[in-house]
Amino acid sequence: DIKGFVFDLDGVITDTSILHGTAWHQLADSLGVAWSEELGNGLKGISRMDSLEMILKAGGKENDYTEAEKEKLAAQKNTNYVAEVDKMTPANILPGMKAFLDDLRAKGYQLSLASASKNAPRVLGKLELADYFPKIVDPASLTHGKPDPEIYTKGAELLNLPANQCIGVEDAAAGVQAINAAGEVSLGIGDSTELGAADMVFADTAEVTLANIEKKLG
Ligand code: B16
Ligand code: MG
């Protein structure tokens with residue numbers, strides 16, 4: 001029996017991936033690294049420093065900067081990103097997600113957040129959803145990012161639930177892999193080919209309802 005839900009944030013509850021993408025694109029331009037949509041998509045669910053490494057590698061610049069310089073570049077990206085986050089409002093919650101969270105809460109399901117983003121509490125605050133997520137995995141506590149299961153394992157632990165009683169909700173392939181490796185039921189939102197490893201896939205957040213999940217669980 002499912003008793004809890006472990007949520008990703010970006011791409012599931014709100015679409016900050018566009019804001020992340022814009023901020024990384026700006027940084028890539030300033031470093032002379034050619035930007036591509038593929039590069040941008042590959043950064044979804046990936047931690048800040050790992051994202052920077054991927055961008056530098058894409059430009060053949062992975063050996064051009066010291067650790068301290070890399071920290072500065074990442075901080076620069078984050079400053080630009082946070083300025084955009086601060087313009088967010090509850091209108092930025094993805095379609096159907098507020099109703100889904102309300103339904104889960106009303107029916108007594110437990111909720112936790114498994115976002116790789118250190119800005120997650122700030123984003124939830126802007127969306128006025130902080131009350132729904134008293135339990136947030138601290139990404140700074142992780143030794144491995146997605147697709148490693150660690151973040152989803154911790155998300156279930158915060159709820160005191162065994163993994164198989166939790167559904168993990170993700171938009172990124174790396175995140176679905178993490179949920180599966182943690183032994184949770186994986187719910188993917190997005191392209192069914194890209195998220196083919198998920199136990200169930202919904203094309204759009206608006207389709208994610210308890211009734212539709214029950215149908216897919218059979
Ligand atoms: P920050 P998620 C991830 O969030 C984003 O998808 C990814 O693009 C971002 O780099 C990462 O958070 C770290 O974010 O720089 O704010 O710490 O999808 O795991 O909710
Ligand atoms: Mg995501």
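Start at 1 and go down the list; that is how both ligands and their atoms are numbered. Given the structure is predicted, the values throughout are model-derived calculations rather than measurements. Values below: all heavy atoms of this structure, side chains included; hydrogens, waters and symmetry mates excluded.
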Novice: Is the CD atom of Glu69 crowded by more than 12 outside heavy atoms at less than 6.0 Å?
Specialist: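 Atom CD in Glu69 is crowded, with more than 12 foreign heavy atoms closer than 6.0 Å.
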Novice: How does Ser51 reach ligand 1, if at all, at less than 4.0 Å between non-hydrogen atoms: by side chain, backbone, both, or neither?
Specialist: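 Looking at Ser51 and ligand 1, just side chain atoms fall under 4.0 Å.
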Novice: Over 60° means perpendicular and under 30° means parallel, so classify the ring planes of Trp35 and His25, tilted if in between.
Specialist: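 Rings of His25 and Trp35: parallel, under 30°.
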Novice: Taking the six-membered ring for Trp and the full ring for Phe, Tyr or His, determine whether the centres of Phe7 and Tyr132 are under 6.0 Å apart.
Specialist: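 Ring-ring flag for Phe7/Tyr132: false, centres at least 6.0 Å apart.
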Novice: What is the nearest protein non-hydrogen atom to atom 17 (O) of ligand 1, stated with its residue, atom name and distance?
Specialist: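 The answer is Lys118 N, 2.7 Å.
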Novice: If you measure from the Lys or Arg side-chain nitrogens to the Asp or Glu carboxylate oxygens, is any gap between Glu53 and Lys57 under 4.0 Å?
Specialist: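 No, Glu53 and Lys57 are not salt-bridged.
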Novice: Just by distance, no angles: are the side chains of Ser186 and Glu170 close enough, under 3.5 Å, to form a donor-acceptor pair?
Specialist: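 Side-chain D/A pair, Ser186 to Glu170: absent.
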Novice: Within less than 4.0 angstrom of ligand 1, does Lys146 place any heavy atom?
Specialist: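 True for this residue.
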Novice: Could you pull out, from Ile46, Asn119, Val123, Asp8, the option with a heavy atom nearest to atom 7 (C) of ligand 1?
Specialist: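 Residue with the shortest heavy-atom distance to the ligand atom: Ile46.
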Novice: Sort by chain and number the protein N/O/S atoms that are closer than 2.8 Å to the Mg ion (ligand 2), and list them.
Specialist: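 Atoms qualifying: Asp8 OD2, Asp10 O, Asp171 OD1.
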Novice: What I want to check is whether the side chains of Asp1 and Gln165 have a donor and an acceptor closer together than 3.5 Å.
Specialist: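 No pair is found: no donor N or O on one side chain lies under 3.5 Å from an acceptor on the other.
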Novice: Is it true that Gly45 lies under 4.0 Å from ligand 1, counting heavy atoms only?
Specialist: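 The answer is yes: ligand 1 sits under 4.0 Å from a heavy atom of Gly45.
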Novice: Please name the residue in the list Arg48, Lys77, Lys44 that meets the side-chain hydrogen bond (donor to acceptor under 3.5 Å, both in side chains) test with His20.
Specialist: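 Filter result, single survivor: Lys77.
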Novice: Just distances here: any N/O of Lys44 and N/O of ligand 1 closer than 3.5 Å?
Specialist: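 No, Lys44 has no N/O under 3.5 Å of an N/O on ligand 1.
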